[in-house]
Each structure stands twice: as structure tokens, then as C-alpha cells.
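Okay, so here's the structure we're looking at.
All ligand and atom numbering here is 1-based and tracks the order in the structure. Worth saying up front: this structure is predicted, and the values here are computed from it rather than measured.
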Amino acid sequence: MNRALVRRPSPRLAEGLLTHIARTPVDADLARTQWEGYVAALRAEGWETVEVPPADDCPDAAFVEDTVVVLGDLAVISRPGADERKPETAGTEETLAGLGYRIARIEAPGTLDGGDVLKHDHTVWVGLGGRTNASGVEQLAALLGPEGATVVGVPVSRVLHLKSAVTALPGGTVVGYQPLVDDPAVWDDFLPVPEEPGAHVVLLDHETVLMSTSAPRTRALFEDRGLRVVAVDIGEFEKLEGCVTCLSVRLRG
Ligand SMILES: NC(=O)NCCC[C@H](N)C(=O)O
């Protein structure tokens with residue numbers, strides 16, 4: 001069975017880091033309800049969810065994607081670019097070790113956030129310029145090369161993470177909101193979408209994507225292409241530069 005890691009939001013969620021957008025009030029109770037809706041949507045689509053132990057002192061802990069890169073049975077524990085987020089990785093490592101994953105780690109001076117890592121087939125694109133540095137990319141390349149993956153560094157300057165700018169549909173078409181994509185020419189098959197949150201999809205199976213309700217025109221575009229769309233409201237997390245991808249880490253069964 002397919003499993004996904006999730007981590008329940010900290011009561012301090014509203015204090016989460018902001019880099020590219022202005023702070024607006026975050027309702028922690030509503031966020032918790034939205035998180036439960038996100039988890040329920042994964043489960044309804046056949047994904048077993050595994051909770052990483054909460055890290056309530058870390059406001060951004062719900063964005064569990066940033067703490068690890070998983071390829072096959074190898075879990076590369078990240079070293080987040082923001083010092084405030086570095087303590088988040090311990091719980092992820094403990095959980096994945098308990099599930100039997102081989103563990104590797106990004107070490108200083110490298111930094112890498114999982115949100116900067118986009119995988120498709122055997123290619124792994126890594127956003128450079130925000131939370132992830134050159135040493136982080138080099139270390140990831142050295143760890144994933146023997147697993148059969150090719151790591152490619154790509155510039156990210158307009159958004160927090162690479163996957164805030166682009167993600168990949170089933171089949172490999174890369175979707176992005178063009179004003180926020182540094183270099184769409186990186187991808188041979190690039191599809192511009194009309195809304196920023198439309199750039200964020202979680203692949204649930206070969207024909208189904210999970211996305212935010214805040215991108216209805218992109219949803220229609222995807223449905224026209226024959227995709228099935230599951231949409232969830234994650235508005236409180238979007239106020240903190242989060243998106244659907246950040247709230248889980250998919251583990252293939
Ligand atoms: N992978 C992601 O896009 N994560 C979002 C993290 C948002 C959080 N407020 C942060 O700045 O780290």
C-alpha cells in the first residue's frame with residue numbers, strides 16, 4: 001500500500017516563516033481543520049498516512065516535505081536552509097528509520113529543503129538560490145547518483161522553493177505559473193498555468209492529482225487534459241507560503 005508522511009500543525013503555526021509574501025493573520029484552529037481535510041483526502045484516495053511525531057516548538061513543522069527526500073528505500077534527511085527549521089528533521093528521521101528506510105543525511109555546510117526537490121522518472125531537479133545551497137545539491141547528487149538518478153540544479157529566485165514554482169503532472173509535463181518560474185526552458189515539456197497555486201500538484205496515481213481549491217481555472221485546464229482532480233482548501237497554509245506538496249511526503253509501497 002502507498003503511504004504518506006504527514007505532521008500535524010504546531011499550535012504556533014501562525015509564527016511560521018515568511019520570505020516572499022506579507023504576513024496576514026492565520027487561524028490556527030481553521031488550519032488544523034484544513035490539515036485534517038488534507039489527510040482525509042489522502043486516505044480517501046487509498047493512501048495510508050503515517051504521522052511524524054509533532055514538533056510543536058517549530059511553527060513550520062507541518063511542512064514535513066522539507067525535512068527529507070525519499071528515493072526508493074533511501075531517505076535523505078535534509079538540512080533545512082532556515083535555522084529555525086533545523087530541529088524538524090529529527091522526528092522525520094526517527095519515523096523513516098522505524099519504517100525500515102536506509103538513512104543518509106545532508107551535512108554542513110550543505111543546506112537543502114525537500115520543497116526544492118522535484119523528481120520525475122530518473123531526473124531530480126533541485127532549486128538553488130533560496131533555502132538550498134550548492135553543497136546541498138552536490139551532496140544530494142552524490143547520494144542519489146548510485147540510486148540511478150541524475151540531479152540537475154536549477155535557479156529559484158522568485159518563490160520560496162522550486163516546487164512553489166513548478167511541479168510535474170503524471171506523464172511528466174511540468175506545470176508552472178510563468179511569472180514565478182526563473183527558467184521554464186529547463187523543461188522540454190512545460191505547461192504554463194493561469195494561477196500561482198495551480199502550479200502545485202501532488203500525484204495520487206497515474207491519472208489523479210491533489211491540488212488547492214484556490215486554483216479553479218487550472219483545475220478546469222487539468223480536467224480538460226483528462227486528469228481527475230481532488231481539491232482541498234489549505235488557505236491558512238498558503239498564507240505561510242505553503243502548498244499542497246509541502247504537507248506530505250509520499251512513500252511508494
Ligand atoms: N515545501 C514548501 O513549500 N514548504 C513551505 C514552507 C513554508 C514555511 N513558512 C517556510 O518558510 O519554511
Side-chain angles (χ1 to χ4, degrees), residues 4-28 31-32 34-35 38 42 52 54-70 76-89 91-92 106 111-119 124-133 136-137 140 154 156-168 174-177 180-182 196-203 210-212 214-215 232 234-250:
L5 295 186
V6 293
R7 193 177 222 172
R8 64 185 54 238
S10 158
R12 293 176 52 194
L13 176 72
E15 299 166 47
L17 297 173
L18 286 173
T19 307
H20 293 274
I21 62 176
R23 192 170 295 278
T24 52
V26 171
D27 179 335
R32 175 65 179 268
Q34 291 177 346
W35 180 81
Y38 177 93
L42 287 176
V52 174
D56 285 350
D57 290 340
C58 297
D60 284 310
F63 304 116
V64 66
E65 165 183 64
D66 293 322
T67 60
V68 67
V69 177
V70 177
V76 179
I77 304 300
S78 75
R79 186 166 178 272
D83 286 343
E84 296 89 332
R85 300 200 59 192
K86 287 187 170 71
E88 294 177 26
T89 58
T92 305
I106 301 296
T111 61
L112 181 132
D113 278 18
D116 274 320
V117 179
L118 174 65
K119 294 174 287 187
V124 179
W125 294 277
V126 187
L128 246 176
R131 297 275 174 84
T132 297
N133 66 17
V137 177
L140 190 71
V154 298
V156 172
S157 66
R158 304 176 193 179
V159 281
L160 181 61
H161 289 127
L162 177 63
K163 275 189 287 187
S164 321
V166 294
T167 57
V174 169
V175 293
Y177 179 61
L180 300 181
V181 181
D182 281 76
E196 181 188 355
H200 314 140
V201 297
V202 174
L203 305 193
L210 177 72
M211 64 182 294
S212 167
S214 58
V232 290
I234 54 154
E236 297 309 290
F237 298 95
E238 288 171 342
K239 293 176 181 172
L240 294 162
E241 288 179 81
C243 39
V244 282
T245 54
C246 333
L247 293 171
S248 60
V249 178
R250 283 157 303 138

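- Between the side chain of K86 and the main chain of R79, no donor-acceptor pair closer than 3.5 Å is present.
- The two residues A215 and P197 have their closest heavy-atom pair at CB-C, 3.9 Å.
- Looking at every heavy atom in both residues, T132 comes nearest to D113 through OG1-N, 3.1 Å.
- A donor-acceptor contact shorter than 3.5 Å links the side chain of E236 to the backbone of D27.
- For ligand 1, the 4.0 Å heavy-atom shell contains residues L17, D60, F63, E65, D66, R85, G115, R131, L160, H161, L240, E241, G242, C246.
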For residues 13-25, run the donor-acceptor check on the side chains, cut-off 3.5 Å, and write out each pair with its distance to 0.1 Å, sequence neighbours left out.
| unit_1 | atom_1 | unit_2 | atom_2 | d |
| --- | --- | --- | --- | --- |
| E15 | OE1 | R12 | NE | 3.1 |
| E15 | OE1 | R12 | NH2 | 2.9 |
| E15 | OE2 | R12 | NE | 3.3 |
| H20 | NE2 | V159 | O | 3.3 |
| R23 | NH1 | A14 | O | 2.9 |
| R23 | NH1 | G16 | O | 3.1 |
| R23 | NH2 | G16 | O | 2.8 |

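- Looking at T167, its side chain does come within 3.5 Å of a backbone N or O of V201 through a donor-acceptor pair.
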